[in-house]
Structures are given as C-alpha cells and as structure tokens.
There are 2 protein chains.
Amino acid sequence: MTSVSTEPRNTDGPSPATPPTGGSAAQRERRRRILDATITLAAEGGFDAVQMRAVAEQAEVALGTLYRYFPSKIHLLVSALAREFTKDVDRSAVRATPGDTAHERIMYVLNRRTRALQKQPKLTEALVRAFMFADQSVTGEIHEVGTSLTTVIARAMHGTPTLGEVTEEEAAIIRIISDVWLSALISWVTGRMDEQDVEKSIDVAVRLLLR
Amino acid sequence: MTSVSTEPRNTDGPSPATPPTGGSAAQRERRRRILDATITLAAEGGFDAVQMRAVAEQAEVALGTLYRYFPSKIHLLVSALAREFTKDVDRSAVRATPGDTAHERIMYVLNRRTRALQKQPKLTEALVRAFMFADQSVTGEIHEVGTSLTTVIARAMHGTPTLGEVTEEEAAIIRIISDVWLSALISWVTGRMDEQDVEKSIDVAVRLLLR
DNA sequence: GACTGATGTAGAACGTGTTACAAGTCTAGA
DNA sequence: TCTAGACTTGTAACACGTTCTACATCAGTC
C-alpha cells in the first residue's frame with residue numbers, strides 16, 4: 001500500500017538537509033519532533049504506518065518541511081535508526097561489557113540489542129526494512145549505522161569501553177558478524193526465523209570466526 | 001517515485017497464484033512472458049523501471065492478469081530472481097566445479113555469479129532490492145532463492161555435482177557465506193563497495209570459516 | 001522600521017502500486 | 001451443443017510517496 005521512493009534525489013546537497021547538530025534551536029527541535037513521530041508511528045504500525053502525511057501531522061510540521069528535513073521516507077527511517085543506534089553506542093562507552101571471553105561479550109552485546117529490538121517488532125520491521133531498501137542516496141545514514149554497530153562489537157571484543165587498535169583481521173571478523181546479525185534480523189522480521197534461531201545463528205558465526 | 005506494497009495480501013492462497021509448473025500451456029506461457037518482460041525492463045532501468053503497467057503491456061496481458069499471477073511487484077521480482085537462480089543451479093549440477101580446495105571452488109562459483117550479476121547492474125539492483133524488501137508474504141519465493149544459493153555453495157564445497165550429506169557445521173558455514181555474499185551484493189548495488197571489495201570480503205569470510 | 005532571502009505552511013497535483021468492476025472468452029462436462 | 005464457472009481483458013478508482021505553488025513568517029541588514 002505504501003509507496004517508497006527509490007530515485008536518488010536532492011543530489012545537490014548532503015542527504016539530511018538538516019544534520020543532527022546544525023541549525024537553530026527551533027530546527028533541532030523540529031528534527032527531534034519528526035524523528036519522535038516516526039518512531040511512534042513505526043512502533044504502532046510498522047513500515048506502512050509511517051506515512052509522510054501522518055508523520056508531518058504528528059510532528060506538527062508541514063509536509064513540505066518534513067521533506068526539507070528528510071528527502072524521503074527511507075532517509076527518515078534510516079535516520080531514526082541511526083539515532084537509536086547512536087544512543088546505544090553512547091551507552092556502551094560508559095562501562096565494560098560483562099563476559100570472560102570475546103565470544104561471551106559479543107554475544108552479550110548482540111543478544112541484548114536483539115532482544116530490545118524484538119520487544120518492538122513493528123518498529124524493528126520498519127527500521128530494518130528501510131535500512132535494507134535504502135539506495136545510494138542514503139549512503140551517509142547507512143554508514144552511520146554501520147559504524148555504530150562495528151564500534152559496539154569491537155568494544156565487546158576487546159572488553160573495554162575504550163577502543164584500542166583493531167587489526168585488519170578483527171575488522172573483517174566484525175564485518176562478517178554484522179552481516180550475519182543483520183541477515184538474521186531480516187529473517188526474523190519476515191518471519192523466517194524465530195528468536196532462538198537468531199541467537200543461535202549469531203552464536204555459531206561468532207564461534208566459527210573466533211576459534 | 002515507485003510504489004511498493006508491503007502489506008500481506010492474497011492471504012487465502014499460495015503466493016504465486018500460478019506456480020511455475022502448474023496450469024495450462026497457455027498459462028505457463030503467460031507466466032514466462034511476464035517474467036521475461038520483468039527481466040527486460042529491470043535490465044534496462046532497474047527497480048523503478050519495472051512498473052506494473054509496463055510489465056503487463058510488454059507481456060501482453062491485462063494488469064489484472066498480472067496481479068493474478070504475481071500478487072505484488074515484490075513477488076514478481078523475487079520470482080524472477082528465483083527463476084534465474086534456478087537456472088544456475090541446474091547448470092551447476094552438470095559438471096564438477098574447478099578448483100583444488102573448497103575455498104577455491106567456493107570462490108570460483110561465487111565470483112562467477114557475482115561477475116555475471118555485475119554485468120547487468122540495473123537488473124541486479126532491481127532483483128536484490130526486491131529480495132531485501134520482501135516481507136512475510138514472499139516467504140516461499142525467498143526460500144526458493146535461499147535453497148538455490150546454499151545448494152550451489154554446498155556443491156562447490158564438496159567439489160561434486162552430486163550432493164552428499166552436509167553436516168550441521170557445514171550448513172552453518174554455508175549460511176554465513178550466503179549472508180556475507182548477499183550483504184556484499186547490497187553494498188555493491190548501493191555503491192558502498194566496488195567489485196574488488198565484494199570479492200575480497202567474500203574471500204576473507206570463506207578463509208576464516210574454512211580454516 | 002522596511003527590505004530580502006531563507007524557512008515554514010497549507011494544500012493541490014502527479015505518478016505508480018494496487019484494487020474493483022463489468023464484460024468478453026475459453027474449457028470441461030452434461 | 002449448451003451451460004456454469006473460471007480466466008482474461010480493459011478501464012476506472014484509490015492510496016500514499018513525492019513534487020509544486022502561493023503565501024506567511026522570521027532573522028539579519030540597511
């Protein structure tokens with residue numbers, strides 16, 4: 001039912017016309033309201049419920065303004081995902097991850113995040129689908145999400161909030177784990193895996209990669 | 001610009017109202033024409049160019065008929081992908097994969113397929129995006145694609161066209177390789193990786209998993 | 001205080017996926 | 001052959017992402 005733009009657009013500037021930190025206080029406030037509305041609607045009804053008119057109305061901005069801030073529905077949802085993930089990264093910087101081995105720590109971090117997402121299936125569906133559908137014009141936001149994820153995994157791998165050097169090999173392993181995690185998440189969102197399958201598949205991947 | 005349904009629909013029957021092999025000769029012929037038109041349009045203009053009205057026109061069926069055969073654009077594209085992959089599996093069954101080690105054979109198979117896809121970037125974009133965006137209602141077609149992929153990798157791993165027993169561990173490794181491959185393909189489609197990155201990332205994953 | 005350019009608002013308009021409907025056509029079985 | 005039912009067709013209508021237009025507001029400058 002819902003439509004989704006797939007054409008690159010807004011090619012003359014950075015993807016979010018209003019980046020997270022720039023602009024006046026009123027603008028940052030509008031941006032926050034828009035993302036809040038997005039999360040609320042997505043949590044209630046998933047991807048399809050995030051309708052641009054509904055977001056605009058709930059955030060109390062005009063439709064044109066919404067599009068000025070986020071040039072497409074996909075940008076909007078991926079930006080929302082990036083904001084959520086960034087919160088998580090900040091939290092993970094505060095204290096060491098529990099667990100005696102890299103395997104345990106990585107599983108701890110990923111399972112915690114997985115379970116948090118699974119508590120809000122509609123929201124997760126909306127965010128993950130948007131992430132996967134994103135095209136070239138969303139590169140910036142996608143990259144932000146990817147960075148958050150690898151940072152958190154790298155911290156868990158080393159067991160310290162401060163991030164030391166990461167070797168080539170470790171970086172490769174982390175990327176693969178991210179891929180498996182995202183893949184599992186999609187499978188879960190689309191009903192092809194249940195909660196246990198997700199944890200299991202990540203566990204196997206981590207075990208195979210860290211041996 | 002393009003719209004994509006994300007609601008489950010056609011919930012009272014199997015996803016493709018007309019499965020690949022059933023129906024009259026005329027129906028199989030119509031199905032073939034529809035998928036051919038889909039591939040042609042996708043190869044020319046990617047996901048956005050696969051417009052349902054255009055597919056119907058080129059396949060010389062009515063729009064309603066198109067929807068009777070494929071209940072949504074996503075079903076249509078994923079079915080097209082499944083058909084292409086199935087062809088590949090059939091081919092891989094004919095002769096042994098070249099290469100002295102499992103690593104070499106897997107890389108041979110995946111690289112060959114990757115390069116084939118990269119020769120038709122628009123087509124690949126359309127098929128991969130549809131695959132990733134697919135929701136619950138497309139489970140059947142998705143599963144078909146997944147099976148093709150794992151079969152081909154399993155054959156390459158063993159080096160024989162006939163498929164012997166696959167251990168739990170091997171199955172897990174194959175799934176992870178599939179995940180990495182699909183992930184890399186998406187990154188390539190969306191311009192976040194180039195050809196070499198794709199091959200490299202798969203090579204690293206296979207090396208780490210088979211050591 | 002008036003001007004100007006950027007920003008925001010309200011709402012219409014457009015394109016494409018999807019659905020609905022009325023009428024024609026084909027097929028199996030009596 | 002005739003008929004019931006399934007299948008096709010052609011076309012209109014609808015929903016929602018996206019774009020466009022005309023006007024209002026606001027911040028900074030003279």
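Proteins come first, then strands; the chains are lettered A, B, ... in the order of their sequence lines, and each starts at number 1.
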Residues of residues 38-45 of chain B with any non-hydrogen atom less than 4.0 angstrom from an atom of DNA chain D: list those, numerically ordered, please. none

Quick one: what's the B/S/- string for nucleotides 22-29 of chain D, heavy-atom cutoff under 4.0 Å, read 5' to 3'? --------

Applying side chain to side chain donor-acceptor pair (under 3.5 Å), can you list everything that pairs with T114(A), at least two apart in sequence or on another chain? W181(A)

Positions of residues 52-62 of chain B (non-hydrogen atom under 4.0 Å from DNA chain C), listed by number: M52(B), R53(B)

Below 3.5 Å, can you tabulate the donor-acceptor pairs from side chains in residues 184-194 of chain B to any protein atom, sequence neighbours excluded?
from    : atom 1 : to      : atom 2 : distance (Å)
S187(B) : OG     : S183(B) : O      : 3.2
T190(B) : OG1    : I186(B) : O      : 2.9
T190(B) : OG1    : S187(B) : O      : 3.3
T190(B) : OG1    : R192(B) : NE     : 3.1
T190(B) : OG1    : R192(B) : NH2    : 3.3
D194(B) : OD1    : Q196(B) : N      : 3.1
D194(B) : OD1    : D197(B) : N      : 2.9

Expressed as a whole number of angstroms, how long is the span from L63(A):CG to dT21(D):P? 15 Å

Check the distance between dT18(C)'s C1' and L76(B)'s CG and give it to me in whole angstrom. 13 Å

How many angstroms lie between atom CG of L209(A) and atom CD of E169(A), to the nearest 0.5 angstrom? 9.5 Å

All side chain to side chain contact (heavy atoms under 4.5 Å, CB included) counterparts of R105(B), not counting sequence neighbours: T97(B), A102(B), A156(B)

Any residue meeting side chain to side chain contact (heavy atoms under 4.5 Å, CB included) with A82(B), in chain and number order, not counting sequence neighbours: E144(B), V145(B)

For nucleotides 4-7 of chain D, print each protein N/O atom paired with a nucleotide N/O atom at under 3.5 Å, atom names and distance only.
from   : atom 1 : to     : atom 2 : distance (Å)
dC7(D) : OP2    : R68(B) : NH1    : 3.4

Any residue meeting side chain to side chain donor-acceptor pair (under 3.5 Å) with S201(B), in chain and number order, not counting sequence neighbours: none

Look up atom CG in L35(A) and atom CG in L77(A), then write down how far apart they are to the nearest 0.5 Å. 9.5 Å

Between dT9(C) atom C1' and I34(A) atom CD1, what is the distance in whole Å? 13 Å

Under the side chain to side chain donor-acceptor pair (under 3.5 Å) rule, collect the residues that match up with R113(A), sequence neighbours excluded. D88(A)

How would you list, by chain and number, every residue that makes a side chain to side chain donor-acceptor pair (under 3.5 Å) with R83(A), sequence neighbours excluded? D36(A)

Got a donor-acceptor contact below 3.5 angstrom from the K73(B) side chain to the F47(B) backbone? yes

My understanding is that only residues two or more places apart in sequence, or in another chain, count here; which of them pass side chain to side chain contact (heavy atoms under 4.5 Å, CB included) with R53(A)? L63(A)

